[in-house]
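Shown next, in structure tokens, is the structure this report addresses.
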Protein chains: 2
Amino acid sequence: MTTLHIVDDDEAIRDALGWLFQSRNVPVSGWPSAEAFLEAWRPDTAGCLLLDIRMEGMSGLELFDRLLAKGCRMPVIFLTGHGDVPIAVGALKKGARDFVEKPFNDNELVDRVIDALAADAEQREREAGQAGLAARLGTLTQRERQVMELVVAGRLNKVIADELGISMRTVEVHRSHVFEKMRVKTAVELARLLTGAS
Amino acid sequence: MTTLHIVDDDEAIRDALGWLFQSRNVPVSGWPSAEAFLEAWRPDTAGCLLLDIRMEGMSGLELFDRLLAKGCRMPVIFLTGHGDVPIAVGALKKGARDFVEKPFNDNELVDRVIDALAADAEQREREAGQAGLAARLGTLTQRERQVMELVVAGRLNKVIADELGISMRTVEVHRSHVFEKMRVKTAVELARLLTGAS
DNA sequence: GCCGACTCTGCGGATATCCACAATAGCCGC
DNA sequence: GCGGCTATTGTGGATATCCGCAGAGTCGGC
């Protein structure tokens, strides 16, 4: 299981949460400030975030914004003692996964964190697939990409040849290169790859 | 533009909101209770919902639940004077579009309602397309559907013939019937239709 | 200047797909 | 029982796709 990152400037709370989660076999890493986590964050940082709102220095909300700007898509659960409806609504509408007020129910929080960790793992798996796809797309030449787009659009080779002003034979060559590079055997498989089908 | 449905048991508020929205050219219909709206709701009821939480009889939250259970996908904006973080969080996580506390900013609320109405219109358009697709799928026979699935999976006719234990010729016949009924000319177009591509 | 890529093209043959014509058979409703 | 729908299969020919073999022109790097 991947890690739960706890960001809270109160060491006592970090420790208490650390205890709680470790006792449930959830790996934890603690951060004393938003700045510290923001600094350490990398695009491949996995897991989920448990974020206190009110902290010395950068607030949890601002950290969330900065992470979003950096392209972070990790699930974020806010934890706060002084909840406020507009803040909660704003956070959720920006994509936070949850917003929990202290005092919280231990079991409930653990469940939500576990769900979030699972969601993150699932999403990373999907993205890994997409990355492989993107890498293969990157090996295509311009012409191959053009031909591929027309193939996926359902055009026949002769039509593609017409539209690109080249011979059918050339289209066939590019087409077969595309199939080879994308590791598919038929146009339908290619279309499914690109339109993101199961 | 489609209608904003206001559900609030306080006639004064309904009137005030009605005034506000009508002055911005947003068509409004008012409902004095959750029960009244639930009764009148039909799957083709369009627009968006502005829902008071605390009301005599059924609460706004319960109305939301009942509507969800009935398959209602209209955008819902909650309006409440006595906000509460867990309630707001719960409503948003169930799919409410927004959760606004009184007193609210008129312009902001109008903007959010207009956005919601636009989102509803867009979604209905998408669903209309899906409905046409579903209707065409419904005209297919069992065999045709089986063949279609294998075609969309990228199998060649000979392989399909093998898997279904029938002759290639028969597969070709079913295949062309599928193309005709689904109004496409190639397997790729069919795949794009079913996997929901642009 | 040579080598490697990308692009382009032609020929010919093996496969696959598309289609019209033609026919058999079971099932269901009128 | 007849007509219509579904499913099945065949023949034969027009198109389309797949692929190996062969060659040629451009461009950029070593």
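All values below were derived from every heavy atom in this structure, side-chain atoms included, with hydrogens, water molecules and symmetry-related copies excluded. Convention: sequence-line order gives letters A, B, ...; per-chain numbering from 1. Everything numeric in this text was worked out from a predicted model, so none of it was measured.
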Of A/M182, A/E172, A/E144, the one forming a side chain to side chain contact (heavy atoms under 4.5 Å, CB included) with A/H177 is A/E144
Among residues 134-150 of chain B, which ones have heavy-atom contacts with DNA chain D below 4.0 Å?
B/T141, B/Q142, B/R143
Step by step, would you call B/N107 with B/R24 a side chain to side chain donor-acceptor pair (under 3.5 Å)?
CA-CA 10 Å; B/N107 289 327; B/R24 310 293 180 97; 2.8 Å; yes
Main chain of B/P32, side chain of B/E11: is a donor-acceptor contact present, judged purely on distance under 3.5 Å?
no
With no hydrogens and no angle check, is any side-chain donor or acceptor of A/D9 less than 3.5 Å from a backbone partner on A/E56?
yes
Quick check: does any side chain N or O of A/R145 sit under 3.5 Å from a backbone N or O of A/L137, one acting as donor and the other as acceptor?
yes
What is the distance from NE2 of A/H174 to C1' of C/dC8, rounded to the nearest Å?
7 Å
Going by atom types only, do B/T195 and A/T195 share a side-chain donor-acceptor pair under 3.5 Å?
yes
Does the protein touch nucleotides 9-20 of chain D at the base, only the backbone, or not at all? Give it as B, S and - per nucleotide, heavy atoms under 4.0 Å.
BBB----SBBBB
With the side chain counted from C-beta on, respond yes when B/L140 and B/M148 share a heavy-atom pair under 4.5 Å apart, and no when they do not.
yes
Presence of salt bridge, A/D120 and A/R124, under 4.0 angstrom:
yes
